[in-house]
Structures are given as structure tokens and as C-alpha cells.
Amino acid sequence: MEPSSSPYTDLDRPPLSQAALNRALVRPGGLWSEITVVGRTGSTNADLARAAREGARQGAVLVAESQVAGRGRLGRVWTAPPRSGLTFSVLLRPDPPAARQGWLPLLVGLAAASAVRRVGEVDARLKWPNDLLVGERKLAGVLAERVDGAVVVGVGLNVSLRAGELPVPTATSLAVEEAACTDRDPLLRAVLREIETHYREWSEAGGDADACGLRAAYLAASATVGRRVRVELPGERVLTGRAAGVDPAGHLVVAAQGREHVLSAGDVVHVRPDAP
Ligand SMILES: O=C(O)CCCC[C@@H]1SC[C@@H]2NC(=O)N[C@@H]21
């Protein structure tokens with residue numbers, strides 16, 4: 001076969017099939033109501049947020065082959081060449097009280113990590129709140145945005161990018177990690193099935209992450225708890241200490257300066273054990 005003239009070799013990869021995804025994942029009584037695959041958009045989170053305001057049903061999934069204005073946490077951008085990864089968002093209308101909905105992005109991060117471990121056979125772990133790491137490199141990110149009564153949760157997962165194609169040196173991809181599977185279709189199906197399972201259990205437990213085992217499963221997949229961390233907090237404050245746990249609300253507990261701090265937001269950096 002002639003080498004591709006495209007700067008993105010991933011354009012040679014098969015597109016995701018909307019029809020096949022709907023056949024596999026949309027069923028009566030299930031969470032997913034409709035899966036839409038678009039060739040190109042600005043941001044799947046922005047699109048689903050708009051749909052949510054217009055009254056779209058719970059369980060809408062929007063997948064983009066190419067996203068040109070992907071949004072990340074804390075005002076960052078998410079860059080991914082076409083078909084090089086998974087970029088999708090889901091629309092949820094959770095019943096549990098707002099005070100417990102902080103678990104939603106953690107739940108989605110856990111689902112993505114479980115799917116990557118199972119299908120990709122890569123040891124993905126979670127940096128609080130919901131970055132997927134392999135070692136210390138970032139494989140995927142999750143962005144949750146509240147829209148009226150709904151929550152839109154977006155996932156960006158690097159799949160087939162080679163080392164020289166990664167957007168930043170601290171990133172990785174399933175291809176770089178020599179995953180058992182770099183086919184986006186089974187990966188997407190696995191992530192959506194995992195989200196559905198965790199979301200159903202969490203909803204049935206009224207959002208109680210202890211009662212449904214979510215907190216225990218999250219802690220087992222955590223790369224942060226037990227580590228020394230530096231947390232950049234809103235307002236340019238920084239806290240350095242030991243990540244002692246995740247509380248029943250999904251907040252990070254950091255032991256520092258002789259007491260425990262409960263953090264609901266922030267950017268965590270894992271500090272090397274031998275660092276001064
Ligand atoms: O790590 C982060 O900062 C979160 C990144 C989230 C990126 C995904 S890609 C699909 C969805 N649409 C967006 O605009 N962002 C999320």
C-alpha cells in the first residue's frame with residue numbers, strides 16, 4: 001500500500017459506525033438513548049450542552065471524529081488529530097441530589113480506566129479527580145459541565161498517536177503503551193458500557209458512593225491516594241502534602257500543615273518520593 005500523503009496517518013483508520021454503535025448500545029430500559037457520530041465539530045461538550053438546554057433526553061451520546069475547539073479542565077484546550085482517539089460526550093440527567101453529583105466525573109473517569117484496562121490491557125490509573133494516567137503520563141481526560149439540571153461529561157482518550165505526534169511530552173496514547181487493542185470501536189463500546197453500569201448502580205444507591213461500592217472501586221484505581229502531592233488551588237494558592245483519601249463526596253483529602261484539607265477542585269501534581 002502507498003504511504004498516506006495525509007499529515008494524519010489516522011485518516012486511514014476506519015470511521016466509527018453510528019448505526020453499529022446504536023445497534024450495540026441502545027436498548028429499551030438502557031441508559032443510552034441515541035448515539036450520534038459527526039465528522040467534525042468544535043466541541044462535543046459545547047454541542048451537547050446546547051442540546052441539553054433545548055431539552056435533549058438523558059443518554060444522548062455525541063462522538064466526533066475530529067474536534068477543532070476541544071475544551072479541557074480549568075480553561076485548557078484538548079487537542080486531538082482526526083480519528084487519532086476518542087472524543088465524545090454524554091448527557092446525563094441525574095436523580096441523586098446535587099451534593100452527590102460531584103461523583104459523576106469521577107465515575108466516568110473510573111469507567112474509562114476500567115475499559116482501557118480490560119480492552120487495552122494497559123494499567124491506566126486515575127489522578128484525582130479524573131485524569132487517566134499510565135505511569136505519570138496522561139492518556140485521557142474528563143470534563144464535566146453542569147447545564148441547567150443536566151450534566152454533560154466529555155472524554156478525550158489518546159488512542160493511535162505515535163510518540164512524536166503527542167500534543168505535549170507529558171501525554172501518552174494506547175499505541176505508545178503498546179495496548180492489546182487500538183481499535184476505537186471496541187474501546188468506545190467498553191467505555192460506554194462501563195459508564196452505564198456505574199451510573200445505574202450509583203443512581204440506584206441515591207448517589208451514595210459508599211453504598212454502591214463506587215468509592216472503593218475509585219480508590220482501588222487511584223494513582224493519587226497515598227502519594228505526596230502539590231495541588232494548585234483556585235486563586236493561585238498551592239498546597240503540598242500527602243493525599244490521604246477521597247471523602248464520601250468525592251473530594252480529595254490532603255494531609256498538610258498538621259491537619260486534613262478537603263479539596264473540591266484543583267490541579268494535582270504527583271511529587272516524586274525522592275523530591276526535596
Ligand atoms: O483533561 C482535561 O482537561 C479534560 C479533557 C476533556 C476533553 C474532552 S474531548 C470530548 C469532550 N469535548 C470537549 O470539548 N472536551 C471533552
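Read the numbers this way: they start at 1 and go in the same order the structure lists the ligands and their atoms. When a residue number appears, it is its place in the shown sequence, counting from 1.
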With a cut-off of 3.5 Å and sequence neighbours excluded, list every side-chain donor-acceptor pair involving residues 61-74.
residue: Glu65; atom: OE1; partner: Arg184; partner atom: NH1; Å: 2.9
residue: Glu65; atom: OE1; partner: Arg184; partner atom: NH2; Å: 2.9
residue: Glu65; atom: OE2; partner: Leu16; partner atom: N; Å: 2.7
residue: Gln67; atom: OE1; partner: Thr44; partner atom: N; Å: 2.9
residue: Gln67; atom: OE1; partner: Thr44; partner atom: OG1; Å: 3.2
residue: Arg71; atom: NH2; partner: Glu145; partner atom: OE1; Å: 3.0
residue: Arg71; atom: NH2; partner: Glu145; partner atom: OE2; Å: 3.1
residue: Arg73; atom: NH2; partner: Gly266; partner atom: O; Å: 3.0

Quiz item: Can you list the steps and then say if Ser203 with Asp95 is a side-chain hydrogen bond (donor to acceptor under 3.5 Å, both in side chains)?
Solution: CA-CA 7 Å; Ser203 298; Asp95 286 332; over 6 Å; no
What are the two closest heavy atoms between [X] and [Y], and how far apart are they?
X      : Y      : answer
Ser84  : Leu161 : CB-CD2, 3.6 Å
Arg215 : Asp210 : NE-OD1, 2.7 Å
Val134 : Ala124 : CG2-CA, 4.5 Å

Quiz item: Which one of Thr224, Leu239, Thr240 satisfies the side chain to side chain contact (heavy atoms under 4.5 Å, CB included) criterion with Val254?
Solution: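 Passing option: Leu239.
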For a distance cut-off of 3.5 Å, show me each N or O of ligand 1 paired with any protein N or O, plus the separation.
residue: ligand 1; atom: 1 (O); partner: Lys138; partner atom: NZ; Å: 2.5
residue: ligand 1; atom: 3 (O); partner: Arg73; partner atom: N; Å: 2.6
residue: ligand 1; atom: 12 (N); partner: Thr44; partner atom: OG1; Å: 3.0
residue: ligand 1; atom: 12 (N); partner: Asn45; partner atom: N; Å: 3.4
residue: ligand 1; atom: 12 (N); partner: Gln67; partner atom: OE1; Å: 3.0
residue: ligand 1; atom: 14 (O); partner: Ser43; partner atom: OG; Å: 2.6
residue: ligand 1; atom: 14 (O); partner: Arg71; partner atom: N; Å: 2.7
residue: ligand 1; atom: 15 (N); partner: Arg71; partner atom: O; Å: 2.7

